[in-house]
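Worksheet for the structure shown next.
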Amino acid sequence: MSLQQTLTTQVKKAIYSLYQSNLETVEFQATRKEFEGDITVVVFPMLRVVKGNPVQIGTQIGEFLVEHVAEVSTFNVVKGFLNLVIADSYYVDFFKEIQHQDTYGTKAPEGKAVMVEYSSPNTNKPLHLGHVRNNLLGYAVAKIIEASGKKVYKTQIINDRGIHICKSMLAWQKYGEGETPESTGLKGDKLVGNYYVKFDQEYKAEIQTLIASGKTEEEAKKEAPLLLEAQDMLLQWEAGDEEVISLWKKMNGWVYAGFDVTYKNLGVDFDSLYYESNTYLLGKDNIEEGLEKGVFYKKEDGSVWCDLTEDGLDEKLVLRSDGTAVYMTQDIGTAIQRVKDNPDVGGMIYTVGNEQDYHFKVLFLILKKLGYDWAENLFHLSYGMVDLPSGKMKSREGTVVDADDLIAEMATTAETLSKELGKLEGYSEEEKQELYKIIGLGALKYYILKVDPQKRILFNPEESVEFQGNTGPFIQYTYARIQSILRKAKELGVATKITTTSLEPKEKELLKWIQEYPAIVQQAAQNHSPALIANYTYDLVKEFNSFYQQIPILGTDNEEEKAFRVALSGKVAQIIKSTFGLLGIDVPERM
RNA sequence: GGCCUCGUGGCGCAACUGAAUAGCGCAUCAGAUUUCGGCUCUGAGGGUUGGGGGUUCGAAUCCCUUCGAGGUCACCA
């Protein structure tokens with residue numbers, strides 16, 4: 001039984017024996033630094049059950065606990081807060097127990113699986129900063145849920161069809177002169193993206209010409225020959241025109257090769273891929289099923305709708321009057337298909353920008369109405385835009401921060417900083433480059449993940465990502481420093497068996513943080529919050545640095561103390577590696 | 001206009017399933033360090049949590065109202 005559980009039962013017993021009342025729950029919090037104690041029992045909520053003076057009640061509970069719980073050595077009461085001092089031996093025993101648990105904090109998977117969707121790009125342009133946020137969030141949440149004890153499937157839906165894809169195809173066909181990634185040396189996604197921009201330029205030029213010849217802007221936008229050609233191309237694609245299909249396959253192939261490189265650089269991956277070109281017809285059968293169940297209804301023109309007005313939403317179209325599918329139809333079909341493909345899935349998480357909040361609200365509601373049990377466990381991991389100082393990012397206009405460029409730039413910055421420090425004797429050039437990438441990416445990932453997903457991020461490429469304070473590299477540095485100590489300890493032959501019985505205050509503080517880790521993982525999984533993991537790691541690291549500054553580790557003459565402090569440091573390092581793993585961030589052995 | 005999200009010291013963030021004096025980083029100022037890696041540590045100044053009202057023994061947190069920023073309300077995806 002954990003200490004908190006023991007305390008809960010004992011506090012309840014105390015209240016019962018003192019006041020003959022039953023408490024539902026007992027509220028705990030970590031004792032604030034300015035007070036003496038380790039764990040605090042909040043007395044205020046008990047006043048609902050027990051009438052009286054909180055200080056007096058707290059004192060009586062405190063006396064009861066000291067008498068009945070061996071771990072509680074003393075206590076003090078401030079206002080309605082009962083601060084308990086926990087015996088050193090309790091923390092020492094705790095440490096001995098977890099010292100050799102390599103997966104401390106995480107749980108083995110059990111129960112239903114969770115499917116996490118993220119990335120989901122269009123195949124007409126390279127990935128940019130917005131995708132980076134999406135990928136990092138989705139990947140981290142997948143890792144965290146996995147660590148909390150669930151099987152996870154990482155997936156994405158690739159938007160590989162539609163008018164926007166035809167635009168870049170058409171531009172390449174007209175202006176490309178047979179260019180290929182090989183002939184230009186460009187990454188495939190970059191090459192295709194260039195033609196998407198090219199399309200927009202030519203299209204705008206045509207609009208101007210039309211306006212000059214007397215058309216209104218609205219007419220011009222609709223009648224520009226390029227747009228008509230693109231629309232025509234989409235029709236040919238849908239009709240299965242061989243030439244169009246083969247062009248589509250060729251260009252998408254280039255894009256996928258490019259994406260693979262970016263994903264690899266970013267350190268994310270997927271267990272399965274869904275292509276919109278395969279799924280866009282899905283969902284129609286489910287509409288039929290919904291009609292039978294009375295969840296949907298048909299209008300006179302043949303279009304099918306779902307009435308959500310009782311739920312405070314609007315009426316939503318789920319099938320066009322010509323019988324073709326809309327976005328919602330596909331998403332219904334794809335969700336159902338995914339559970340068919342993976343029957344152990346009991347819930348899904350969609351990592352998609354907050355401009356689609358309404359869409360997912362509706363989608364989830366419809367799936368619930370259709371009666372799927374897993375529909376109770378759907379979550380839209382919604383996140384805010386990433387803005388630049390110059391405003392919104394627009395791929396069409398080329399005003400984006402490219403993902404590959406960004407990653408490369410971060411590594412360059414890391415290189416500049418590392419060279420000033422110079423701790424890399426004996427590293428080959430290759431190893432150094434690898435290290436710069438780890439640090440640069442660590443800075444970027446931590447910077448994005450420590451912020452609440454709902455908030456917009458204003459990203460200034462020049463100055464946004466720092467390397468000091470609450471940053472990835474700061475934490476990586478602490479990890480590397482611990483590794484250095486561990487290497488030395490090994491050389492010195494420091495014992496690994498723990499025999500100490502008493503603790504320095506800083507050691508106890510550190511152990512309290514370590515003890516929190518498993519609960520933090522669970523909480524982060526429940527709240528889908530990588531930020532919780534990031535901030536926990538930072539707090540742990542700060543506590544370690546303070547300990548490191550005050551307490552000699554290898555410098556002490558006492559062998560018992562030395563062994564314990566080395567082991568304690570090693571545990572901190574292991575947790576850093578674990579939490580950063582959940583965030584998708586690597587840690588270097590040296591830096 | 002309806003609905004949704006955000007608004008916390010100069011800047012960037014935390015706490016948002018109500019509880020102690022609203023935490024932390026950057027920046028500013030003052031210190032520490034012959035010893036385990038100074039990308040470290042200790043301390044100081046700086047906030048009526050956008051404004052107003054309410055519920056509560058207690059509100060950044062819950063309710064109402066108001067202001068500001070953004071999003072969304074397609075037989076587009």
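Throughout, protein chains are lettered first and strands after them, A, B, ... in sequence-line order, and every chain is numbered starting at 1. Predicted, not measured: the structure shown is a model, and the values here were computed from it.
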Do the side chains of A/Phe467 and A/Ile439 get nearer than 4.5 Å, heavy atoms only?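 Yes - at least one pair of side-chain heavy atoms lies under 4.5 Å apart.
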For a 4.5 angstrom cut-off between non-hydrogen side-chain atoms, does A/Val49 reach A/Tyr19?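 A side-chain contact is absent here, since even the closest heavy-atom pair is not under 4.5 Å.
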[atom1] of [X] versus [atom2] of [N]: gap in Å, rounded?
| X | N | atom1 | atom2 | answer |
| --- | --- | --- | --- | --- |
| A/Asn83 | B/A19 | CG | P | 16 Å |
| A/Phe544 | B/C36 | CZ | P | 14 Å |
| A/Leu435 | B/C39 | CG | P | 15 Å |
| A/Asp311 | B/C3 | CG | P | 16 Å |
| A/Asn76 | B/A20 | CG | P | 16 Å |
| A/Met591 | B/G37 | CE | P | 15 Å |
| A/Gln483 | B/G37 | CD | P | 12 Å |
| A/Ile551 | B/U35 | CD1 | P | 18 Å |

Checking all strands, does [X] fall into the base, sugar-phosphate, or nothing category for heavy-atom contacts under 4.0 angstrom?
| X | answer |
| --- | --- |
| A/Glu34 | nothing |
| A/Thr478 | nothing |
| A/Pro552 | base |
| A/Asp539 | nothing |
| A/Gly162 | nothing |
| A/Ala531 | nothing |
| A/Ile485 | sugar-phosphate |
| A/Glu491 | nothing |
| A/Gln29 | base |
| A/Tyr538 | sugar-phosphate |

In whole Å, what separates the [atom1] atom of [N] from that of [M]?
| N | M | atom1 | value |
| --- | --- | --- | --- |
| B/U34 | B/G23 | P | 32 Å |
| B/G47 | B/U8 | P | 15 Å |
| B/U5 | B/G10 | C1' | 26 Å |
| B/A59 | B/A20 | P | 10 Å |

Short N-O contact, A/Lys512 and A/Glu509, less than 4.0 angstrom: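 Answer for the salt bridge query: yes.
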Under the criteria of a ring-centre distance below 5.5 Å and an interplanar angle below 30°, is A/Phe35 stacked with the base of B/A20?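 Yes, aromatic ring over the base.
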So which protein N/O to nucleotides 41-43 of chain B N/O distances come out below 3.5 Å?
from, atom 1, to, atom 2, distance (Å)
B/C41, O4', A/Gln549, NE2, 3.1
B/U42, OP1, A/Ser546, OG, 3.4

Could you pull out the closest heavy-atom pair between A/Gly193 and A/Pro126, with the gap in Å?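 The answer is CA-CD, 3.9 Å.
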Complementary nucleotide for B/G23 - Watson-Crick or wobble, under 3.5 Å: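 Per the H-bond distance test, B/C13.
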Mate of B/U35 where both pairing distances stay under 3.5 Å, Watson-Crick or G-U: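 Because no pair has both required distances under 3.5 Å, B/U35 counts as unpaired.
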Would you please say whether a donor-acceptor pair under 3.5 Å links the side chains of A/Gln523 and A/Tyr536?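 No.
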Under 30°, 30 to 60°, or over 60°: which ring-plane class applies to A/Phe44 and A/Phe81, parallel, tilted or perpendicular?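 Taking A/Phe81 first and then A/Phe44, their aromatic rings stand perpendicular (interplane angle over 60°).
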Where do N or O atoms of nucleotides 67-76 of chain B meet protein N or O atoms at under 3.5 Å, pair by pair?
from, atom 1, to, atom 2, distance (Å)
B/G70, O2', A/Arg456, NH1, 2.3
B/C73, O2', A/Asp314, OD2, 3.4
B/C75, O3', A/Arg320, NE, 3.3
B/C75, O2, A/Ser321, N, 3.1
B/C75, O2, A/Ser321, OG, 3.1
B/C75, N3, A/Ser321, OG, 3.0
B/C75, N4, A/Asp301, OD2, 2.1
B/C76, OP2, A/Arg320, NE, 2.4
B/C76, OP2, A/Arg320, NH2, 2.3

Quick check: A/Phe544 with A/Phe547 (ring centres under 6.0 Å apart)?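 Yes, the ring centres sit under 6.0 Å apart.
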Compute the ring centroids of A/Tyr538 and A/Tyr446, then answer whether they are less than 6.0 Å apart.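 Distance test on ring centres: not under 6.0 Å, no.
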Contact list (N/O, under 3.5 angstrom) for nucleotides 54-60 of chain B vs protein:
none

